[in-house]
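Take a look at the structure set out below.
Values in this document were obtained by computation on a predicted structure and should not be read as measured data. Just so you know, residue 1 is the first one in the sequence shown, and it goes up from there. Note that ligands are numbered from 1 as they come in the structure, with each ligand's atoms numbered from 1 the same way.
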Amino acid sequence: MTIVPVALGERSYEVHIEDGLLDRAGDALAPFARGGRLIVISDETVWAAQGGRLAKGCANLELEPILVPPGENSKSWSTLSFVIDRLLALGIERSDHVLALGGGVIGDLAGFAAAIVNRGCGLLQIPTTLLAQVDSSVGGKTGINVAAGKNLVGAFHQPSLVLIDPLCLDTLDPRQTRAGYAEIVKYALIEDPPLFGWLEARGQAVLGGDSEARNTAIAAAVAGKARIVAEDERETSGRRALLNLGHTFGHALEAETGFSDRLFHGEAVALGMVLAFDFSVERGLCPAADADRVRAHLKASDLPVSLDQVGIAANGKRLTEHMMHDKKKKGGRIAFILTRGIGRAYVDKSVEMAEVEEFLDRQKK
Ligand code: GLY
């Protein structure tokens with residue numbers, strides 16, 4: 001088993017990564033179950049696919065599932081209110097832990113419920129998608145979507161333990177896995193050039209489900225995230241903002257598709273990273289050869305690398321409007337994550353929106 005520590009003082013915790021962890025989760029979870037009972041928040045699809053494995057692996061515990069419908073719509077006030085009412089009806093206490101079993105939606109929803117019920121109870125995460133395993137389950141960001149935008153209501157609430165069982169990915173749609181893979185590439189591009197070289201060599205094995213390659217990639221990504229979160233838990237110093245590489249362009253693309261399944265989040269991040277690299281090349285910051293390598297690798301991983309490919313018009317005005325509505329806007333200016341090359345991302349607050357608009361207008365290929 002690989003154990004990645006997340007060093008946050010009294011909020012420190014471990015991320016355990018191993019094939020089959022779900023089938024033997026009982027021992028790791030038992031210390032967090034009051035009187036042997038553990039409340040699990042999941043969605044109906046994940047529970048149907050993985051609930052049986054978890055129940056078997058937790059024969060020593062009494063599991064109390066709270067199930068919500070699958071999909072982004074569950075990150076809502078109404079589902080949060082349903083979950084909170086159920087937790088209170090089940091007699092949740094502040095010293096209890098709830099377990100989030102699922103993808104990013106469940107982790108964010110259950111995490112936020114745990115952050116506010118009884119003014120906060122404990123949280124455990126068993127992420128079941130690649131995106132949740134390498135990103136959302138680690139670092140303590142929780143929240144829901146509201147009318148004004150995605151993730152605009154939430155809290156930082158760190159889990160006490162994260163258990164990652166890569167075998168959960170075997171029942172997933174490969175497109176979901178490829179989208180999650182984009183976030184692994186992101187960590188390499190932020191500050192880990194050797195990881196990028198390794199992904200160029202082993203990425204197909206990771207995507208193909210090769211156990212050794214997949215677990216190595218997940219562990220490297222989690223370690224990258226843990227390092228950054230430990231240095232800037234609440235995204236105040238600019239360090240954690242680096243995790244938004246590809247996300248400002250990506251957010252605009254997702255917004256343009258109405259956040260629909262036409263473009264998964266990870267796919268938008270992949271294309272967003274290509275745009276961030278190309279933009280950085282145009283500004284004379286980044287070698288063109290690095291941008292070419294990034295594009296080639298994402299393309300080989302069957303991820304989108306052009307607007308045309310995902311049927312989005314190169315309309316700079318519309319796309320920059322979406323960016324201005326995003327939460328990362330500060331004082332009318334957006335902090336862009338640009339790059340000086342592979343592994344050399346940085347926060348740039350000097351970007352003029354007119355420049356971005358003109359760049360996006362030229363993406364007609
Ligand atoms: N997903 C970005 C972060 O956790 O900060």
*asked:* Between F249 and H322 (judged by ring centroids, cut-off 6.0 Å), do the two rings come close enough to count as a pair?
replied: no

_Does this structure show an ion pair linking R178 with E267, if we count only N-O contacts that are shorter than 4.0 Å?_
no

*Give yes if a backbone or side-chain nitrogen or oxygen of N244 is under 3.5 Å from a nitrogen or oxygen of ligand 1, and no if not.*
no

_I need the atoms of ligand 1 closer than 4.0 Å to a non-hydrogen atom of K141, numbered in the order shown._
3 (C), 4 (O), 5 (O)

*Quick one: do D23 and K56 make a salt bridge, cutoff under 4.0 Å?*
no

*asked:* Distance to the ring centre below 6.0 angstrom and angle to the axis at most 45 degrees; does that hold for R295 and F277?
replied: no

*For atom 5 (O) of ligand 1, what's the nearest protein heavy atom and its distance?*
R240 NE, 2.7 Å

*For K225, take its heavy atoms, then give the atoms of ligand 1 lying under 4.0 Å from any of them.*
1 (N), 3 (C), 4 (O)

_Sub-3.5 Å N/O-N/O distance, D135 and ligand 1_ = yes

*Look at the side chain of S280 and the backbone N and O of T339, then say whether any donor-acceptor pair between them is shorter than 3.5 Å.*
yes

